[in-house]
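For the numbers below, each heavy atom of this structure counts, side chains included, while hydrogens, waters and symmetry mates do not. Counting starts at 1 for both ligands and their atoms, in listed order. On a predicted model such as this, the values are computed, not experimentally measured, just so you know.
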Amino acid sequence: KRKNPFTEDNPNHDFCNFLMELAEYEKNVSRDIHKYNVYRKAAATLADYPSRIKSGTEAKCLKGIGDKIGKKIDEFLATGKLQKLENIHGDSKNEAINLLTRVTGIGPAKAHSLVKEGITSLEELNKNTDKLTHHQIIGLKYFEDFEKKIPRQEVAAIEKLLVKYIKNIDPEYKISICGSYRRGKSESGDIDTLITHPSWTSDKVDKKHKNNMLKNIVNVLEKCGLITDTLSLGETKFMGACRLDLEHPVRRLDIRLTPHDQYYCSILYFTGSDVFNKSMRAHALEQGFTLNEYTLRPVGSTGVPGEPVEISSEEDIFDIIDYPYKKPEDRNS
Ligand code: DCP
Ligand code: MG
Ligand code: MN
């Protein structure tokens, strides 16, 4: 599970680090998603900033950074640490909750309840797998592998295999690796794969057919040894694990199957970043549109969304909501 996506060299990475630690604390321990988003946004903004921030005042000029975070930057610059974080780390209950949420499938609520039962380490978790779902057991099994970042060239090698095996089922399948890889990052937390097929549109095909399409793809990828485990498999979403070969760690693999007419909204969503998606959706709303991973629709005067707008490229979506086009590499904040 991603802890800090801003590890790549940037002149403000130490600020990003403490902001992401605060973000994780708010999400996992306080369960305050609003504060989590505020810290995450601030970290994304700083990670994107090309030069070293010299004071809280300077930082406050940037989007998403206010008084409180400005003060924290000043404290960090003056003392090299944050008292708030020192206090958080000094509490073993917080540390246990933070550790357990690093297992994929264990969310803040589950982590709280495990810690309440006295389960505070991975050893104890291993002795209590009866309390875990299949997803969480696989998460625990590959705890170390799943925390390793995936080098870009390994994602590219897995992409090649995915394309080869899936096109072998039907050459008309279109496969795109999205997420941080499409944003050009040198390493990724997982592999986000979007699949579509020109003859499959949202109005045409029944659920049964859709169901079998993804199941069939997953089956094939399992048979050839690329997929090692399934965390969850639905009609349009697969979450699981894959491995290039025995010399490489097991990696988290997400697959989404999308109808052809929803492809551009899907690829936009799945490319992210999550912080960028939030900004873009907020902008869409200001322009009277509701944007999600499936469609772009005008918000009618009654508040009921209208018919989806026809879209034939990612650029279309930016144009329609009057948002300056950003290449995937520029969608980090
Ligand atoms: N996404 C989103 N909101 C979320 C989770 C995901 O908008 N809460 C979208 C944007 C993400 C994309 O899905 O970029 C893929 O999700 P990941 O969690 O795989 O994130 P990334 O690929 O961006 O980063 P990483 O390298 O950590 O996987
Ligand atoms: Mg990803
Ligand atoms: Mn993912």
CA sep, side-chain torsions, deciding dist, call: Asp14, Arg52, salt bridge (charged side-chain N to carboxylate O under 4.0 Å, His left out):
CA-CA 10 Å; Asp14 49 350; Arg52 174 72 176 169; 2.6 Å; yes
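Between Ser180 and ligand 1, a contact under 3.5 Å exists for at least one N or O pair.
Contact annotation for Ser273 and ligand 1: only backbone heavy atoms (N, CA, C, O) come within less than 4.0 Å of the ligand. With a 4.0 Å cut-off on non-hydrogen atoms, Asp192 touches ligand 1 through its side chain and not its backbone. Using a 4.0 Å cut-off between heavy atoms, Tyr181 makes no contact with ligand 1 at all. Residue contacts with ligand 1, taken as heavy atom pairs separated by less than 4.0 Å, do not involve Lys278 at all.
Of all atoms in ligand 1, listed by their number and element, those nearer than 4.0 Å to a heavy atom of Gly179 are 22 (O). For ligand 1, the atoms lying closer than 4.0 Å to a non-hydrogen atom of Ser188 are 26 (O). Of all atoms in ligand 1, numbered sequentially from 1 with element shown, those under 4.0 Å from a heavy atom of Arg183 are 14 (O), 23 (O). When each atom of ligand 1 is checked for a heavy atom of Asn277 under 4.0 Å away, the hits are 2 (C), 7 (O), 9 (C), 10 (C). The ligand atoms of ligand 1 that sit less than 4.0 angstrom from a heavy atom of Phe270 are 12 (C), 13 (O), 15 (C).
Asp190 contributes atom OD2 as its closest N/O/S atom to the Mn ion (ligand 3). Considering just the N/O/S atoms of Asp254, the one nearest the Mn ion (ligand 3) carries the name OD2. In terms of distance to the Mn ion (ligand 3), the nearest N, O or S atom of Asp192 is named OD1. Asp190 has its closest N, O or S atom to the Mg ion (ligand 2) at the position named OD1. Residue Asp192 approaches the Mg ion (ligand 2) most closely through its N/O/S atom OD2.
With hydrogens and angles disregarded, no donor-acceptor distance shorter than 3.5 Å links the side chain of Thr201 to the backbone of His260.
Electrostatic pairing of Glu147 and Arg102 counts as a salt bridge here, judged by a charged N lying under 4.0 Å from a carboxylate O. Ion pairing between a basic and an acidic side chain is recognised when a charged N comes within 4.0 Å of a carboxylate O; Asp145 and Arg251 show no such pairing. Salt-bridge annotation for Glu75 and Lys81: absent, with no side-chain N of the basic residue lying under 4.0 Å from a carboxylate O of the acidic one. Asp74 has no carboxylate O lying under 4.0 Å from a charged side-chain N of Lys71, or vice versa, which leaves the two without a salt bridge. Arg331 and Glu314 are joined by a salt bridge, as a carboxylate oxygen and a charged side-chain nitrogen come within less than 4.0 angstrom of each other.
At least one heavy atom of Thr271 sits closer than 4.0 Å to an atom of ligand 1. Using a 4.0 Å cutoff on heavy atoms, Glu187 does not count as a contact of ligand 1.
Lys110 NZ: more than 12 foreign heavy atoms inside a 6.0 Å radius.
Within the model, atoms NE2 of His197 and CD1 of Ile166 stand 11.5 Å from one another, a figure rounded to the nearest 0.5 Å. With values rounded to the nearest 0.5 angstrom, Ile217 atom CD1 is found 11.0 Å from Asn212 atom CG.
Between Phe76 and Phe15, the ring planes are perpendicular. Angles over 60° get that label, and only those under 30° would be called parallel.
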